[in-house]
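What follows is a set of notes on a single structure, which appears directly below.
This structure is a prediction, so every number in the text was calculated from the model and none was measured.
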2 protein chains.
Amino acid sequence: MNRWIAVDWGTSFFRAYLIENDFVSDKIETNDGMKFLQQKEFENKFINLIQKWLVKNQKIEVLASGMLGARQGWMEAPYETTPCNLNNLNYVSPLINDNRLSLKIFSGVSQYNPPDVMRGEETQVAGFFNKNKNFRGSICLPGTHSKWLKVKNNFIEKFKTYMTGELFQVISENTVLLHSLNSEKIEKNEFLKSANKIFQNPENLTNALFQIRADDLINSMGPVIYKSRLSGYLLGIELLGAKDFWENCDVALIGSKKVMDLYENLLEDKVLSLKKFSAEEMVLQGLKSFRKNLMKS
Amino acid sequence: MNRWIAVDWGTSFFRAYLIENDFVSDKIETNDGMKFLQQKEFENKFINLIQKWLVKNQKIEVLASGMLGARQGWMEAPYETTPCNLNNLNYVSPLINDNRLSLKIFSGVSQYNPPDVMRGEETQVAGFFNKNKNFRGSICLPGTHSKWLKVKNNFIEKFKTYMTGELFQVISENTVLLHSLNSEKIEKNEFLKSANKIFQNPENLTNALFQIRADDLINSMGPVIYKSRLSGYLLGIELLGAKDFWENCDVALIGSKKVMDLYENLLEDKVLSLKKFSAEEMVLQGLKSFRKNLMKS
């Protein structure tokens with residue numbers, strides 16, 4: 001039986017899949033992100049998390065990607081550089097003091113000029129190419145650090161990262177605006193209007209942010225309106241900055257449904273085509289394709 | 001003897017001055033900002049802080065401005081609205097259960113369209129006019145929430161607030177960039193280059209922010225360079241957004257020396273004239289001028 005483990009270990013989450021004969025037969029998902037772990041804790045933590053999948057005297061192969069390959073992770077997997085062929089990414093294999101498993105951690109991708117880095121997203125892109133072999137265009141991976149990539153033929157040609165999600169979070173949680181943003185809901189019209197405001201005048205971003213608080217003090221329109229504005233401003237400046245990546249382009253979004261819907265609202269009438277793909281599914285496809293390539297070579 | 005107390009009570013600090021015959025004879029400065037206090041705690045806290053200035057059976061007058069007049073402060077002092085004459089700002093007088101003092105808290109200033117608010121800065125501006133009666137131009141008050149004002153004849157005509165200082169703080173302390181920004185020093189050339197980068201392409205702000213981290217991972221140029229870039233990016237987008245306030249204008253900066261020097265570096269060759277004034281001194285002048293106006297009326 002063809003049995004192996006796929007792992008996506010990010011800054012703030014852990015996901016592992018037991019794959020048997022090409023199907024996911026079990027899944028483990030926890031909040032044990034790499035940022036909560038010291039380097040020497042990874043091995044024990046990992047073995048504890050996937051204990052139930054280990055069988056005495058049988059070695060199972062584990063393929064992993066994400067922030068566990070960062071300098072502060074389990075073991076540093078040096079970056080590949082753009083232009084980067086996703087068919088033969090490098091990996092590192094930490095020695096593991098347990099003969100029931102072997103581990104490969106795949107490299108992230110860096111770019112020298114302008115400087116940029118990714119870890120984990122390259123696996124999603126490889127997964128995307130697994131199912132969309134002839135795609136040539138741009139891929140957007142919204143998130144804590146949203147990424148825009150130019151891709152073709154399983155190559156990442158160049159990319160650009162935006163601090164959109166992380167700014168959204170720290171502004172919502174750590175600034176005076178927190179009093180005005182206590183809502184999970186986004187109102188579509190207010191969101192579109194706000195993105196458009198920044199599209200017209202990106203130089204007003206940090207003023208527009210303070211206006212959220214001032215407007216609340218003066219007009220008290222409620223947190224849904226203000227959260228929609230914050231989303232609109234931050235996605236607006238990202239999309240304006242990433243215009244070269246989507247204007248007259250075929251675009252693929254890889255992310256979670258809620259966030260991709262926001263991007264779709266802004267992009268659908270501005271791009272050649274727009275398709276959406278689940279980030280979790282693409283990671284899994286990506287690790288499968290890495291494994292296929294290993295077995296070929 | 002003409003004896004009274006001037007108070008500047010902000011979000012994160014408390015400053016009080018004992019004034020005798022127009023001179024500051026004593027000063028109390030602590031970190032007891034309004035954000036650390038519940039509404040009902042202000043009176044006791046205040047009396048404790050200035051205890052040594054109180055004399056039995058003598059009522060001393062206290063004039064105060066700043067965030068203690070906010071809704072969550074000691075007592076709300078409703079905003080005056082623009083255009084706003086600083087010669088006759090309103091005030092509220094909380095009842096105090098101690099016959100040794102009387103308190104007046106002066107109003108902040110709000111603007112309906114576009115929405116904006118200030119509390120404390122209007123006092124600095126009144127202080128500025130106390131010494132610069134015929135000034136007509138723009139005033140910039142850099143800080144947590146940097147403000148740009150159009151002023152003339154002791155009037156605030158309009159103003160615009162930028163979240164510059166607060167973004168600087170949360171990005172330095174609460175995002176992944178914290179690993180790259182551990183420096184208090186700013187390198188002037190890097191700062192100017194970075195401000196200019198955002199002047200040219202403000203739409204790249206949130207990408208430029210992530211680039212700080214990526215550049216550090218790839219090139220490790222040290223925290224002075226990266227802190228200078230962060231300063232340059234955030235001041236750059238503020239100044240570009242505030243262009244109407246400084247282009248071909250006489251400009252007065254009111255703030256602390258270190259921050260005003262950064263603004264001066266960027267503005268000195270772009271404005272008609274530029275003068276710098278100490279924020280602390282202007283608050284004191286402002287409260288003195290409020291008192292003079294009260295005695296006239």
Apply side-chain contact (heavy atoms from CB on, under 4.5 Å) to the pair Ile218(B) and Val117(A), showing each step before the final yes or no. CA-CA 8 Å; Ile218(B) 296 172; Val117(A) 291; 4.1 Å; yes

For side-chain contact (heavy atoms from CB on, under 4.5 Å), just list the numbers for Val224(B) and Ile186(B), CA-CA rounded to whole Å, side-chain angles, deciding distance to a tenth of an Å, and then say yes or no. CA-CA 6 Å; Val224(B) 176; Ile186(B) 303 284; over 6 Å; no

On a heavy-atom basis, the closest approach of Pro94(B) and Ile105(B) is CG-CD1, 3.8 Å

Contact origin within Ile212(B) toward chain A - heavy atom pairs under 4.5 Å: neither

Pick one of side chain, backbone, both or neither for Leu177(B), based on which atoms fall under 4.5 Å of a heavy atom in chain A. side chain

Taking side chain as C-beta onward, heavy atoms only, is Phe159(B) less than 4.5 Å from Val109(B)? yes

For Ile198(A), is it the side chain, the backbone, both, or neither that has a heavy atom closer than 4.5 Å to a heavy atom of chain B? neither

Between chain A and each of Ile237(B), Leu240(B), Leu167(B), count heavy-atom pairs under 4.5 Å; write down the option with the most. Ile237(B)

How many angstroms lie between atom CD1 of Ile156(B) and atom CD1 of Ile139(B), to the nearest 0.5 angstrom? 7.5 Å

Heavy-atom closest pair (Ile171(B) atom, Leu181(B) atom, distance to 0.1 Å) is O-CD1, 4.2 Å

Heavy-atom pairs under 4.5 Å with chain B - which of Val176(A), Leu234(A), Leu239(A) has more of them than the others? Val176(A)

Chain B heavy atoms under 4.5 Å from Leu217(A): which part of the residue, side chain, backbone, both or neither? both

side-chain contact (heavy atoms from CB on, under 4.5 Å), that's the test. Do Met34(B) and Phe14(B) meet it? Break it down for me. CA-CA 8 Å; Met34(B) 67 79 84; Phe14(B) 169 87; over 6 Å; no

Please test Leu149(A) against Met118(A) for side-chain contact (heavy atoms from CB on, under 4.5 Å), starting from the C-alpha separation and ending with a verdict. CA-CA 11 Å; Leu149(A) 294 71; Met118(A) 67 172 77; 3.8 Å; yes

Using only distance (under 3.5 Å, no hydrogens or angles), which donor-acceptor pairs connect chain A and chain B?
residue   : atom : partner   : partner atom : Å
Lys160(B) : NZ   : Asn204(A) : OD1          : 3.1
Thr161(B) : O    : Asn207(A) : ND2          : 2.7
Met163(B) : N    : Thr206(A) : O            : 3.1
Glu166(B) : OE2  : Val176(A) : N            : 2.9
Val176(B) : N    : Glu166(A) : OE2          : 2.9
Asn204(B) : OD1  : Lys160(A) : NZ           : 3.1
Thr206(B) : O    : Met163(A) : N            : 3.1
Asn207(B) : ND2  : Thr161(A) : O            : 2.7

Non-hydrogen atoms of Val259(B) and Pro142(B) that approach each other most closely: CG1-CB, 3.5 Å

